[in-house]
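Chain letters run A, B, ... following the sequence lines, proteins first, then strands; residues in each count from 1. Remember, predicted model here, so these are calculated numbers, not experimental data.
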Amino acid sequence: MKRLIILALCLVMVVTVAACGTSSNQQASKPAESDGQKVEIKFFHRWPNEPRNTFFKEAVAEFEAQHPNVKINMDCVLNDSYKEKIRVLVSNEDLPDIFSSWSDSFAENIVSSGKVKPLDELFAQDKEWSSNILESQLGAFTFDGKLYGVPLTIDGKAFAYNTKIFKDNNIEPPKTFEEFVQILDKLKKAGYETPIIEGLSDAWAISHYIGTINQRLIDPQILEKDYNPKTGEFTDPSYVTALKAFKTLTDYMGEVATAIDHETARNMFANGEVPIIYMQFAEIKYVEDAGMKDFAFFDFPPFENGKGDPHALTGAPEGFMLSKNAPKEAEEFLKFLTSKEMAFKFTKDCGQLNAIKGAVTSENASDKSLAAYDVILNATRTVPWFDNAVNINIADAFMRGCQSMVIGEMTPEDVIKSVQQEAAKLRNSAK
Amino acid sequence: MANKKMKSSHRQKLGLSGSFIMVLLILWAVIILYPLFWMIMSSFKSYDEIYSNVWSLPGQWLISNYATAWEKGISSYFVNSVIVTAATIAGVVIIASLCAYGLSRYKSRGIDIALMLCTAGMMVNPQVCLIPLYVLLQKLGIHNTRLGLILPYITFRLPLSVLLIRSYFLSIPKEIEESAIIDGCSELGIYSRIYMPMSKPIIFTTIMLTAYYAWNEFLFAIIFIDSDKLKTIPSGLMNFRDALQTNWGVLLAGMVISAIPMIILLIALQKHLVRGMSEGALKG
Amino acid sequence: MKQLKKQITPYLFMLPCFILLFVFIFLPLIQNFIYSLYDFAAFSPTKTFVGLANFKALLKDKVVVTGLTNNVRYAIISVICQVFGGLILAAILEDKLFRRIAPFFRVVYFMPVVISISVICLLFSFIYHPQIGLLNNFLKLIGLGHLAKPWLGLSKTAPYAVIAVSQWQSIGYIMMLFIVAIQKIPQELYEAAEIDGASKIRRFFSITVPQVKETIFVTTLITITGSMLVFNEPYILTKGGGPGTSSITLAVHMYLSGFFKDKMGYASTIAIVIFVITALLAVIQFKLFGGGEED
């Protein structure tokens, strides 16, 4: 009897191996062969969820219909797994032909591997396509004077506030940071235990605050020097002031804040529980879907003694990059994805604003999104997300340090000290 | 048969201490079951209701969550998960039991070292193996294939399974072995005709422990597989998550659907954990 | 010839297992030893040889101390809850009194094991939620509202909240292993003791415990090893060991160093340290238990 079972198990194994063998022959993605046969392109992005998954699937299908000799193998994994996988792929000569990417230091890191294709030539050759792309968003993908990525989406972050609650309490959006704190006080007295909320367990949410506060408060020349890993020191006392400002805000967020994530925080805003939250324009759709209509944005107010540009907007594009050996067809696909028609469809289907001129209109964007679009276009400059503006070790020291600071285990001075230590390590290794 | 007779004639009253223990057992069962009950309840809720009415029954029972979860997150990946899990189980049961046999029957310095080496296999974090394994799978040509998942899965379960099966094998009485050897049984014969049949409880436990690992594993499943056609359920369930928002209701529905085969397997296997199996062999 | 055959036979049985172990686990492990001597990120075109610099940095790294502390907390609590708790639960369920309803409890207690860890972490993030969470609301219900806290948000409670989740999931696992072991104990031993007038508790300590010595050894080994390598629960529940680094474990620190802070060499160094500590602990356990033998 036992022999039979063992035999059966062996059979299962053999069959399985056979099945795997055949499927691997069908599924092995070979590097593209441009010799009249089917050209296979590997396309990798970070949105396995709806609605973007369907959008990209349809884009792939349409492109393949237009180019019958091309086959696109699409792979998509979520956010964190995406960051994992792209690192595994880039370390292995296996960078996909076309892949999605955040801008600034994230993109810069991948470019530093030497495996990403510069796009200046492509831009120069096809002016009809390239002139349609918002110039203000290209800088985030430009490194060492060369362009390496094409933005598809743009974003910005500002304070979303409940217009009804503000009206009921006779509050106007603040013009300075100091006014902002007074408003928070007023709301607290009016009975809102946490007039502002954030999910501080999400370290990136903290980094967004730090980035904007630093930019508003601190002299941009100091920032430029410190954000560069070769010269960064973070010795200016205004960094401590910036952290103290952040602590002032978190004092209004309650004990809850470090125990929840950003999504939970946003839901507290969307159901009317909390009047203010620092939010990305990309989240407008989520709040609207939750049924909330009475909200608007005010930009992060400037500090009275702030040295930074008060009209800069924190926010960054996201787009696509090509691997060094990507075939011509991958370039075509890139242009296809960032064409006016596809960008228009993208915003219509997925809700986020795109970086292509004329592809955001009232036909594919809600009023609030259109208003956000104007804010982005009118900003004097876009400020990258903090964790993409500095070396990740600096960002991590800030983010973790702030979590400890909020629960009272570190002082702002302690946090800056740990940042300075990280900066010293970076300067030393850059020599 | 004899057991049944014994049971009915020894029907005991619970008594005070017995009742107290019973209460504790039920309490722990509630602590286990309530969160699971919550999971099922929430899988019928809409996104907003999950956040606004966390602990109450769904106002509206959204069976559509299950339809969406099945359609977009599970159906195409179900077969892959079954194949990968079944092959992993087969591999682990055969290879681990063979190894455990070798480790339990003999004693020597070499065996001791082998045992420790095998155990050492348990002490390596899969995360640090990502890049080396990826390169390896590429070189072996099994990257982006089911086999590329199955082999690492089997390997990562071997140390634990070997330890468990070996400890069970150790308790098989020597008399049985000796009589088999006298009967002229080969080593392989002793293994297959005596040890394995007598070890059903640990084999079934191994099957269960391997099954849930392979079924729910997501680190390798995401990194080593690119093609949508080959992805397993954990990859599929990602389709409901996003950086800024997750479709919790549908995701939970997907997770419930995904858990059902495992629970069915559990119920089916644990029937075999019946007292008296080894006693039969001893008396016979 | 027959002597030789007898000598190599056990190794033949072990061969397939060791081939797989070597290729898929030991080769990567050796790779890690090599990587730990370099400094590089996943996207670095070249690796920089730094010798023992990573190890020196590790000795000064305060996060490693926090991580290790949490791993030790994990190990101690897990052994108490899972090994002792599991053994007691198994003994209870195998007792004649409860044997008829034991199958029901066995399935229930084991269910958390078969459920994906992502689900469990999701469940518990709702249970631990400061305002709408089950735990705090329950405490308020039984009049202990003053104990309600933001469990995952305070550095004092976060590590323990994470450890508790693992216990919830794994007690049934270890319990099942003990049930299998207890079932092998010949009934006659218990009957003889009962005739001699030994109480249930006495029987537990003089018969059950010695008879499952080997399983106690294996489950302790598994539990401690698991505690040293634990990654998923702290990573998912507290988003990587927060707040700050209070609930971080060595494995999370290792992963973040490699895939987040882009210091792959350092990540390998931490991996080596985890391996060495765990192996040392295992050797100690092997020596203490004598490698397990039938009495």
Can you measure from CD1 (C:Ile236) to OG (C:Ser118) and round to the nearest 0.5 angstrom?
->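 If we round to the nearest 0.5 Å, C:Ile236:CD1 and C:Ser118:OG are 4.5 Å apart.
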Hey, what do you get for CG (B:Leu265) to OG1 (B:Thr85), rounding to the nearest 0.5 Å?
->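 Answer for the CG-OG1 pair, B:Leu265 versus B:Thr85, is 9.5 Å.
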Under 3.5 Å: donor-acceptor pair, side chain of B:Asn125, backbone of C:Leu229 =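 Present.
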Chain B contact via [X] - which portion, at a heavy-atom distance below 4.5 Å:
{"X": "C:Ala267", "result": "backbone"}
{"X": "C:Ile171", "result": "side chain"}
{"X": "C:Tyr255", "result": "side chain"}
{"X": "C:Ile101", "result": "side chain"}
{"X": "C:Thr9", "result": "side chain"}
{"X": "C:Val119", "result": "both"}

Using a 4.5 Å cut-off on heavy atoms from C-beta on, say whether the side chain of C:Ile270 contacts that of C:Ser257.
-> yes
Are any of the side-chain heavy atoms of B:Leu25 and C:Leu89 separated by less than 4.5 Å?
->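 With C-beta onward as the side chain, the pair touches.
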Quick one: is the NZ or CZ of [X] closer than 6.0 Å to the six-membered ring centre of [Y], and within 45° of its axis?
{"X": "B:Arg157", "Y": "B:Tyr212", "answer": "yes"}
{"X": "C:Lys47", "Y": "C:Phe40", "answer": "yes"}
{"X": "C:Lys184", "Y": "B:Tyr168", "answer": "yes"}

Which one of [options] has the most heavy-atom pairs closer than 4.5 Å to chain B?
{"options": "C:Val113, C:Ile92, C:Thr215, C:Leu29", "result": "C:Val113"}
{"options": "C:Met264, C:Gln31, C:Gln169, C:Met254", "result": "C:Met254"}
{"options": "C:Leu20, C:Leu177, C:Asn137", "result": "C:Leu20"}
{"options": "C:Leu122, C:Val276, C:Ile274, C:Val114", "result": "C:Val114"}
{"options": "C:Leu93, C:Leu15, C:Asn32", "result": "C:Asn32"}

Heavy-atom pairs under 4.5 Å with chain C: which of [options] has the most?
{"options": "B:Pro126, B:Cys118, B:Ser104, B:Cys129", "answer": "B:Cys118"}
{"options": "B:Met255, B:Met208, B:Met262", "answer": "B:Met255"}
{"options": "B:Pro159, B:Gly110, B:Pro234", "answer": "B:Gly110"}
{"options": "B:Ala120, B:Ala100, B:Ala259", "answer": "B:Ala120"}
{"options": "B:Leu151, B:Ile50, B:Leu98, B:Leu164", "answer": "B:Leu98"}

Step through it carefully: locate the ring centre of [X], locate the ring centre of [Y], and say whether they are under 6.0 Å apart.
{"X": "B:Phe220", "Y": "B:Phe224", "value": "yes"}
{"X": "C:Phe98", "Y": "C:Phe105", "value": "no"}
{"X": "C:Phe18", "Y": "C:Phe26", "value": "no"}
{"X": "C:Phe124", "Y": "C:Tyr128", "value": "yes"}

At a heavy-atom separation under 4.5 Å, does [X] approach chain C through its side chain, its backbone, both, or neither?
{"X": "B:Thr119", "answer": "side chain"}
{"X": "B:Ile111", "answer": "both"}
{"X": "B:Leu237", "answer": "neither"}
{"X": "B:Ile31", "answer": "both"}
{"X": "B:Leu158", "answer": "side chain"}
{"X": "B:Leu188", "answer": "both"}
{"X": "B:Val92", "answer": "neither"}
{"X": "B:Leu163", "answer": "both"}
{"X": "B:Ile26", "answer": "both"}
{"X": "B:Ser42", "answer": "neither"}
{"X": "B:Tyr213", "answer": "neither"}
{"X": "B:Trp248", "answer": "side chain"}
{"X": "B:Leu160", "answer": "side chain"}

Assess whether side chain to side chain contact (heavy atoms under 4.5 Å, CB included) is satisfied between C:Gln183 and C:Ile179, documenting all intermediate values.
-> CA-CA 6 Å; C:Gln183 284 184 346; C:Ile179 287 182; 3.9 Å; yes
Inspect the contact between C:Arg106 and C:Glu94 and indicate whether a charged nitrogen and a carboxylate oxygen are less than 4.0 angstrom apart.
->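 Yes, charged N to carboxylate O under 4.0 Å.
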Is the shortest side-chain N to carboxylate O distance from B:Arg166 to C:Glu214 below 4.0 Å?
->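 Answer for the salt bridge query: yes.
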Test side-chain hydrogen bond (donor to acceptor under 3.5 Å, both in side chains) applied to C:Tyr235 - qualifying residues, sequence neighbours left out =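 side-chain hydrogen bond (donor to acceptor under 3.5 Å, both in side chains) check on C:Tyr235 returns nothing, list empty.
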Over 12 non-hydrogen atoms of neighbours within 6.0 angstrom of CD1 in C:Ile201 = no
